[in-house]
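Can you read through this structure? Questions will come right after.
All values derive from a computational prediction rather than experimental measurement.
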Amino acid sequence: MSNLMNSMLANLKRERLLVITNIVVMSISFLVLGIFTSVIFLSQSMLKYLENQAQLMVFFKDEFVEEKILKYKTELEKDERVLSISYVSKEDAFNIFTEANKDEPILLESLSSDILPASLEIRTKDVRDLAPMAESISKAEGVEEVKFFEDVIDRFRSISLVVHIVGFVLVGLLLLVSYSIVLATLRMTISAKGKELEIQRLVGASDAFIKRPLLVQGIFFGIASALVSSIVLITVSFILSSSGLYSNLNVPFIPGAKTSLGVFSLFDSLLILISGGVLGYFGSLSAVKRYLKI
């Protein structure tokens, strides 16, 4: 084991400038990978938040009295798609409007509670149920208008999809660059040690003995680069979380779960380290097979 490490360290010292350059370029690639996964997490968390906030606003005609609205509310509560329903009376609506526009006294002087409609605020268990419920409720007796901001969620989904596609393409290109760097570096190492490797074969060294230091060197490139990018990513993430930004985020696909960007970055860094080791191993294995023919 010590001979293996000594051989790898000797190779690294001999090509010091090349090693530093490779680690810097690969670290940038893994940092972009970490940023991309963080952006996916944030966009999915924001989408989950918007979906949780999405609701139907059902406004009733003035002649449809409170007793009938509450009766209709009771009927809707039996619908399995409904998560919660709250009733907003004319007075409640006026109080909400007054609070939201307290800096506009002239506007408030001309209004009274009678001018605002009573309404029901309906949340569904699945945001996809909002549209069909809105359509059926709009036909109910006494309903004047049904509103819900489906376009906001759809627009955010479209933006999120574009981010995902661009991110996947960018990360794919950078990982390909990193793979090529490992390949090129080990090719240069093999070329520089050509005579030494031939002598090892002549004295009876096995293929495994010859290629093992090269595989370890490739894995070292991958893990070292991933470690550098992980340290940067974790540091920035915890700074943002400690400042109050991104400190209470919804965890996608786990209802009710919350976490911070800093905690997510720890998981993200583990993913990057595994990716670095795997990329380094397969890059070095490919170089060994291609240039040593073993």
Side-chain angles (χ1 to χ4, degrees), residues 1-41 166-194 196-197 200 208-241 261-292 294:
M1 185 65 180
S2 60
N3 291 335
L4 180 64
M5 294 302 298
N6 290 336
S7 177
M8 185 193 73
L9 290 174
N11 291 337
L12 295 178
K13 287 180 180 179
R14 191 181 303 119
E15 302 160 355
R16 191 175 305 163
L17 182 60
L18 182 62
V19 168
I20 294 174
T21 303
N22 290 347
I23 289 179
V24 169
V25 174
M26 291 177 67
S27 295
I28 293 173
S29 300
F30 286 118
L31 184 58
V32 171
L33 173 62
I35 292 172
F36 170 59
T37 51
S38 296
V39 168
I40 289 180
F41 170 71
V166 173
F168 275 121
V169 172
L170 183 60
V171 168
L173 290 174
L174 288 172
L175 289 179
L176 181 61
V177 169
S178 298
Y179 177 84
S180 301
I181 287 172
V182 173
L183 206 65
T185 303
L186 291 181
R187 179 185 180 182
M188 294 176 65
T189 300
I190 292 169
S191 298
K193 297 178 64 177
E196 180 184 336
L197 296 175
Q200 288 180 353
F209 179 83
I210 294 173
K211 71 181 181 181
R212 193 177 296 121
L214 299 171
L215 292 176
V216 172
Q217 185 174 331
I219 294 171
F220 169 79
F221 280 139
I223 292 180
S225 304
L227 185 61
V228 171
S229 62
S230 295
I231 291 172
V232 174
L233 188 66
I234 290 172
T235 302
V236 173
S237 297
F238 272 96
I239 289 174
L240 291 174
S241 296
L261 183 60
V263 173
F264 174 77
S265 69
L266 296 175
F267 170 79
D268 200 12
S269 297
L270 177 61
L271 176 65
I272 292 172
L273 287 171
I274 294 172
S275 300
V278 171
L279 182 68
Y281 173 77
F282 283 105
S284 56
L285 183 63
S286 178
V288 168
K289 286 184 176 180
R290 182 176 302 182
Y291 302 114
L292 283 183
I294 58 177

*asked:* Test your reading of the model: is there a side-chain donor-acceptor pair from Ser241 to the backbone of Phe238, 3.5 Å cut-off?
replied: no

*asked:* Counting only heavy atoms from other residues, nucleotides and ligands, does the tally under 6.0 Å from OH of Tyr281 exceed 12?
replied: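 No, not enclosed.
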
*Which pair of heavy atoms, one from Met26 and one from Ser225, lies closest together, and at what distance?*
CB-OG, 3.2 Å

*First locate atom CD1 of Ile28, then atom CD1 of Ile23, and finally report the distance between them rounded to the nearest 0.5 Å.*
12.5 Å

*Quick one: side-chain contact (heavy atoms from CB on, under 4.5 Å) partners of Leu31, sequence neighbours excluded?*
Ile35, Ser229, Val232, Leu233

*Backbone N or O of Ile231 within a donor-acceptor pair of the Thr235 side chain at under 3.5 Å?*
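Side chain of Thr235 to backbone of Ile231: a pair is present.
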
*What is the distance from atom CG of Leu261 to atom CD1 of Ile234, rounded to the nearest 0.5 Å?*
11.0 Å

*If you measure from CZ on Phe282 to CG on Leu215, what distance do you get to the nearest 0.5 Å?*
11.0 Å

*Who pairs with Ser284 by side chain to side chain donor-acceptor pair (under 3.5 Å), at least two apart in sequence or on another chain?*
none

*What pairs with Thr37 under side chain to side chain donor-acceptor pair (under 3.5 Å), at least two apart in sequence or on another chain?*
Asp268

*Starting at OG of Ser38, measure out to CG of Leu33 and round the result to the nearest 0.5 Å.*
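Reported value, rounded in 0.5 Å steps: 9.5 Å.
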
_Heavy-atom closest contact (Gly276 atom, Ala226 atom, distance)_ = CA-CB, 4.2 Å

